[in-house]
Amino acid sequence: MALHINSGCFTIMGHSRIQRIRAVASEGSSTLKTVEDKVKLGGSDFKVTTIGIGAWSWGDTTYWNNNQWNDRNEKAARDAFNASIDGGLTFFDTAEVYGSGLSFGAINSETLLGRFIKERKEKDPNVDVAVATKYAALPWRLGRQSVINALKDSLGRLGMTSVDVYQLHWPGVWGNEGYIDGLGDAVEKGLVKAVGVSNYSEKRLREAYKRLKQRGIPLASNQVNYSLIYRTPEENGVKATCDELGISLIAYSPIAQGVLTGKYTAEKPPSGPRGRIYTPEFLTKLKPLLNKITEIGDKYNKTSTQVSLNWLVAQGNVIPIPGAKTAEQAEEFKGALGWRLNNDEVTELRSLASKIKPVIGFPVEKL
């Protein structure tokens with residue numbers, strides 16, 4: 001079962017392009033120094049980097065990785081993890097279903113992330129890594145204790161005694177009160193620092209916020225599909241509600257699963273399931289926007305990926321979590337920070353993007 005959650009992919013083509021990306025990513029010191037480096041996650045006291053890394057593709061063989069996972073894939077993911085840390089992007093998002101047997105994956109993404117963290121800490125005991133994972137609201141899971149049980153299983157795979165952020169991956173079929181109560185229990189038991197939801201509508205977001213607030217616990221985040229070409233959170237009230245209530249919006253698929261990088265064309269669409277979403281017809285309509293992104297990127301000596309991520313950050317209260325399958329991708333993401341598109345550029349990109357009918361997002365967004 002392929003879940004369209006988290007972020008896009010980007011493959012770097014050509015030696016000269018790799019060198020450019022590395023040059024951009026390594027400007028200044030290896031750790032972030034600007035005021036935008038870390039932001040508070042909603043009303044919690046926990047801080048994360050302005051851009052995080054999505055680990056959906058790690059271990060997955062249904063949506064990513066051309067239906068295979070081998071030692072080469074794992075090495076690439078490990079290199080992506082280490083490059084992210086080296087670049088100062090230390091916030092990682094995973095989930096219990098990513099790469100799991102439930103989704104016909106090869107190895108659980110949580111297991112891989114836990115392995116990479118352990119290896120890194122052996123070399124650098126003081127390394128700072130923030131981890132967010134997610135609870136799968138499966139129909140047969142009922143009540144608050146199911147949240148705690150699943151969280152403890154996730155902690156076992158991650159090799160941790162507590163996790164920084166725990167989120168409900170999607171709304172429950174039979175209701176959400178028990179799940180929300182489970183999140184609150186996790187905070188009170190000291191198993192998590194902050195809690196959030198994912199794919200929640202405005203109505204469900206307000207309900208979750210209110211229920212947790214009664215216990216003095218802030219709802220820290222709502223993770224939703226959000227990019228320049230998928231702006232449903234702006235249209236359905238989710239973005240405005242997050243801003244109103246002080247809930248951070250975590251944006252998965254922030255570069256539209258690689259489409260906003262410019263690497264795909266009508267003649268060369270994405271492979272696998274993405275090819276059925278981002279069709280040649282859609283990519284043809286996208287070309288004027290991609291050309292403008294490239295033009296603006298040339299002005300700032302930035303890549304299309306970096307421009308697209310910067311556009312999201314410019315919306316305020318948004319934490320993009322692009323997926324990193326390689327070290328080059330992770331290095332490139334750092335270059336989205338430390339500068340800003342001007343207001344005219346933000347508006348122009350939005351105007352061009354509004355002429356393109358968006359593809360379908362996660363179905364429960366409209367419930």
Determine, for [X] against [Y], whether the closest basic-nitrogen to carboxylate-oxygen distance falls under 4.0 angstrom.
X	Y	result
D243	K239	yes
R157	D153	no
R144	E188	no
R211	E207	no
D185	R215	yes
R115	E119	no

Taking the side chain as every heavy atom from C-beta outward, state whether [X] and [Y] have any pair of such atoms under 4.5 Å apart.
X	Y	answer
S227	L260	yes
L349	L228	yes
T303	T261	no
E331	D86	no
N225	T232	no
Y166	T133	yes
D164	F46	yes

Quick check on the 6.0 Å ring-centre criterion: do Y135 and Y179 meet it?
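Between Y135 and Y179, the centre distance is under 6.0 Å.
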Proximity of Y252 and W56 rings by center, below 6.0 Å:
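Y252 vs W56: aromatic centres not under 6.0 Å.
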Does atom [atom1] of [X] have more than 12 heavy-atom neighbours, drawn from other residues, nucleotides or ligands, at distances under 6.0 Å?
X	atom1	value
K121	NZ	yes
N342	CG	yes
E281	CD	no

Check the pair D71, R78 against salt bridge (Lys or Arg N to Asp or Glu O under 4.0 Å), reporting the backbone distance first and the verdict last.
CA-CA 10 Å; D71 291 344; R78 178 182 288 105; over 6 Å; no
Please check: side-chain N/O of [X] versus main-chain N/O of [Y], any donor-acceptor pairing under 3.5 Å?
X	Y	value
N317	I247	yes
W170	A137	yes
D298	E295	no
S351	T347	no
S198	Q223	yes
E96	A136	yes
T94	A55	no
W58	A324	yes

Against Q257, only a single residue in Y63, Y264, Y278, Y230 fulfils side-chain hydrogen bond (donor to acceptor under 3.5 Å, both in side chains); can you say which?
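One option only clears the test, and that one is Y63.
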K325 versus S57, closest heavy-atom pair with distance
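Distance-wise, the nearest heavy atoms are CG-OG, 3.2 Å.
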Which atom pair, heavy atoms only, marks the closest approach of P233 to L249?
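Minimum heavy-atom contact is CB-CD1, 4.2 Å.
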Can a side-chain donor-acceptor contact be found between D60 and T62 if the only test is distance below 3.5 angstrom?
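Judged by distance alone, the side chains do pair up.
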Starting from [Y], can I reach [X] by hopping between I/L/V/M/F/W/Y residues whose side chains sit under 4.5 Å apart?
X	Y	answer
L142	I148	no
W339	I51	yes
W174	I180	no
V173	L205	no

Please verify the inter-ring angle class for [X] with [Y]; under 30° counts as parallel, over 60° as perpendicular, anything in between as tilted.
X	Y	answer
Y226	W311	perpendicular
F81	F116	tilted
H169	Y98	perpendicular

Worked verdict on D93 versus K134 for salt bridge (Lys or Arg N to Asp or Glu O under 4.0 Å)
CA-CA 8 Å; D93 177 83; K134 297 187 282 295; 2.5 Å; yes
Just to verify, which of K302, K299, R350 counts as forming a salt bridge (charged side-chain N to carboxylate O under 4.0 Å, His left out) with E345?
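Exactly one pass, corresponding to K299.
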Pair Q306-N310, side chain to side chain donor-acceptor pair (under 3.5 Å): steps then yes or no
CA-CA 6 Å; Q306 292 163 345; N310 193 276; over 6 Å; no
Given S154 and E110, is the side chain to side chain donor-acceptor pair (under 3.5 Å) satisfied, shown in steps?
CA-CA 7 Å; S154 288; E110 291 177 326; 2.8 Å; yes
